[in-house]
Participant: 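This is the structure I have questions about; it appears just below.
Note that this is a predicted model, so its numbers are computed, not measured. When a ligand or atom number is given, it counts from 1 through the structure's own listing order.
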Amino acid sequence: MYNVQTVRKDFPILSREINGKPLVYLDNGASAQKPQAVIDAVTQAYTMEYANVHRGLHTLSTIATEKYEAVRGKLAKFLNAASEDHIVMNSGTTESINLIAYGWAMPRFEPGDEIVLSVMEHHANIVPWHFLRERQGVVLKWVDIDANGDLDPQKVLDAIGPKTRLVAVTHLSNVLGTVVDVKAITEGAHAKGVPVLVDGSQAAVHMPVDVQDIGCDFYAVTGHKLYGPSGSGGIYIRPERQAEMRPFIGGGDMIREVHKDAVTWADPPMKFEAGTPGIVQQIGLGVALEYMMALGMDNIAAHEHHLRDYARARLDGLNWLNVQGQSATKAAVFSFTLNGAAHAHDISTILDKRGIAVRAGQHCAGPLMEHLGVDATCRASFGLYNTVEEVDALVSGLELCHELLS
Ligand code: PLP
């Protein structure tokens, strides 16, 4: 039985006050808070077990290497990858998608080749593809969402033409909470011979992910949203795609031999991991993944669905609030504007005075803001430790905003 009050005790920051009020942390979409187990693991690593990895034969380096490398297996288990060799570890999704853009797409794509994207992608899954547009004449093809914020997989598949080389889509919108049927997209795209990259930064936080079941070619996750340290993360890459990739960042660790006039690469996944990595961050991520798996991803999803349903009902009752994205299967992520001229920043500032942390702005989703016809929204994004009482606190905070701003 999932006991949210017990879970909350694992997160020390949740007991602090902000502006004299108990913290109500609803900015999990930007970054999640860390359980004590992660904080302890980071402290332990720096206090007693720190050295560089992969390079030393001394005891501390061996301990650090074992702990760091064990995280590859934990990421593989978390995503149900068939082998830990299918996981490249790095600082998170932005680095991961750049790796695929530079290492896989750039050497292979030609002018006129197309990449299909949804209009609700995060900039991390847009800007690396703009590099290819600017530098190589690759064409970006955008697929719209419907009025509820859903992405119809068939529309994505219809956008695939003879020159399409990649479909790159989010699994869960960081703004609308929409869950995308990436399995249907992958099956359809593969039937047309087109690989699929999935941005799993948000989805992996809220639901079980099985990359073998989805069948995608690339699946990126980011540690700081998974209750782990910032600067941690990784990407699942199918072995066939790994074999097609060139290294992206060059340096130590990713080589087999370096001579004055020649260099050979380490085998994947090390071929794609250059330099000293985020050793301690990644060790912390391993503990965060274990924490989530011990709670059970199905239990976390069920808890958050309950929060979503409650929040949806309460927010729908505010007839002066425009909630963007009404997908039936969305996650507990709510973006909204207030009728009238109230700016998202003002709403966020008033909520902050009541201890409530939400995000205001474009959420790194410029094309989606254009599609919705708004400059900015406020976003309340829930996590595994949030409660229905915090939904109530948000609603009463919004009522105050309405009173003060309209
Ligand atoms: N993709 C999505 C959907 C996100 O929400 C985010 C973070 O906000 C990112 C990518 C960027 O991830 P990272 O912080 O690891 O660079």
Side-chain angles (χ1 to χ4, degrees), residues 25-34 71 75 78-79 87-102 115 117-131 145 149 151 167-180 182 185 196-207 209 216 218-236 248-249 273 277-278 281-282 284-285 288-289 324-325 327 330-335 357-369 371 376-383:
Y25 189 75
L26 301 179
D27 195 17
N28 297 286
S31 204
Q33 300 299 346
K34 320 304 171 198
V71 181
L75 272 165
F78 185 70
L79 297 175
I87 303 292
V88 171
M89 298 202 284
N90 58 26
S91 64
T93 297
T94 300
E95 185 178 339
S96 286
I97 299 181
N98 277 276
L99 165 69
I100 306 310
Y102 281 91
I115 300 173
L117 301 166
S118 93
V119 77
M120 63 184 167
E121 298 312 313
H122 186 280
H123 294 169
N125 195 24
I126 296 175
V127 180
W129 310 123
H130 269 304
F131 290 164
I145 50 174
L151 179 67
V167 172
V169 280
T170 189
H171 196 177
L172 199 160
S173 161
N174 63 314
V175 180
L176 306 177
T178 306
V179 178
V180 174
V182 288
I185 290 173
V196 176
L197 177 143
V198 181
D199 175 351
S201 308
Q202 297 286 341
V205 183
H206 302 291
M207 58 204 259
V209 170
C216 57
F218 310 100
Y219 194 101
V221 295
T222 196
H224 67 95
K225 297 185 203 285
L226 292 164
Y227 307 96
S230 57
S232 66
I235 181 166
Y236 160 80
F248 164 38
I249 297 174
E273 297 178 12
Q281 292 92 320
Q282 209 69 10
L285 171 59
L289 296 178
Q324 306 282 355
S327 171
K330 70 184 259 160
V333 177
F334 295 88
S335 278
V358 297
R359 181 135 300 232
Q362 295 218 333
H363 317 291
C364 293
L368 178 59
M369 295 294 127
H371 174 88
T377 69
C378 254
R379 179 187 67 188
S381 49
F382 292 78

Participant: Test side chain to side chain contact (heavy atoms under 4.5 Å, CB included) on Asn98 and Phe131 and set out the steps.
Facilitator: CA-CA 10 Å; Asn98 277 276; Phe131 290 164; 3.8 Å; yes
Participant: Side chains of Ile126 and Pro367: closer than 4.5 Å at any heavy-atom pair?
Facilitator: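 Of all side-chain heavy-atom pairs linking Pro367 with Ile126, at least one is under 4.5 Å.
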Participant: Any heavy-atom pair between the side chains of Val205 and Leu172 that's under 4.5 Å?
Facilitator: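 Leu172 vs Val205: side chains apart.
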Participant: Do you know which of Ile87, Val71, Val209, Leu226 makes side chain to side chain contact (heavy atoms under 4.5 Å, CB included) with Phe78?
Facilitator: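 That would be Leu226.
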Participant: Any heavy-atom pair between the side chains of Ile145 and Thr178 that's under 4.5 Å?
Facilitator: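 Heavy-atom side-chain distance check fails, nothing below 4.5 Å.
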Participant: Are the ring centres of Phe248 and Tyr102 closer than 6.0 Å?
Facilitator: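 So the answer is yes for these two rings.
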Participant: Of the backbone atoms (N, CA, C, O) and the side-chain heavy atoms from C-beta on, which set of Thr94 has a member under 4.0 Å from an atom of ligand 1: side chain, backbone, both, or neither?
Facilitator: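 Answer for Thr94: both.
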Participant: Do Leu368 and Leu176 have side-chain heavy atoms sitting under 4.5 Å apart?
Facilitator: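 Result yes, sub-4.5 Å side-chain heavy-atom pair found.
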Participant: Which residue and non-hydrogen atom of the protein lie closest to atom 12 (O) of ligand 1, and at what distance in Å?
Facilitator: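 In this structure, atom 12 (O) of ligand 1 has Thr93 CB, 3.6 Å as its nearest protein heavy atom.
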Participant: Report yes or no: does a heavy atom of His224 sit under 4.0 Å from some atom of ligand 1?
Facilitator: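 Heavy atoms of His224 do come under 4.0 Å of ligand 1.
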Participant: Please could you name the atoms of ligand 1 that Ser201 approaches to less than 4.0 Å, counting only its heavy atoms?
Facilitator: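 Every atom of ligand 1 under 4.0 Å from some heavy atom of Ser201: 1 (N), 2 (C), 4 (C), 9 (C), 10 (C).
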Participant: Show me which atoms of ligand 1 lie under 4.0 Å from any heavy atom of Gly92.
Facilitator: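 Counting atoms of ligand 1 from 1, those under 4.0 Å from Gly92 are 15 (O).
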Participant: Taking C-beta and beyond as the side chain, do Trp129 and Ile100 meet within less than 4.5 Å on heavy atoms?
Facilitator: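 Sidechains of Ile100 and Trp129: in contact.
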Participant: For ligand 1, which atoms sit closer than 4.0 Å to a heavy atom of Asn174?
Facilitator: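 Within the 4.0 Å cut-off of Asn174, ligand 1 contributes 5 (O).
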Participant: Just need the protein heavy atom nearest to atom 4 (C) of ligand 1, so name the residue and atom and give the distance.
Facilitator: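 Of the protein heavy atoms, His122 CD2, 3.2 Å lies nearest.
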Participant: Going by the closest heavy atom to atom 15 (O) of ligand 1, which one wins out of Asn98, Val175, Thr222?
Facilitator: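 Comparing heavy atoms across Asn98, Val175, Thr222, the nearest one to atom 15 (O) of ligand 1 lies in Thr222.
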Participant: With heavy atoms under 4.0 Å as the rule, classify the contact between Lys225 and ligand 1 as side chain, backbone, both or neither.
Facilitator: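 Within the 4.0 Å criterion, Lys225 contacts ligand 1 through side-chain atoms alone.
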Participant: List the closest protein heavy-atom neighbour of atom 5 (O) of ligand 1: residue, atom name, distance to the nearest 0.1 Å.
Facilitator: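 In this structure, atom 5 (O) of ligand 1 has Gln202 NE2, 2.6 Å as its nearest protein heavy atom.
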Participant: For Asp199, is the nearest heavy atom under 4.0 Å from an atom of ligand 1?
Facilitator: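 Per 4.0 Å heavy-atom rule, Asp199 contacts ligand 1.
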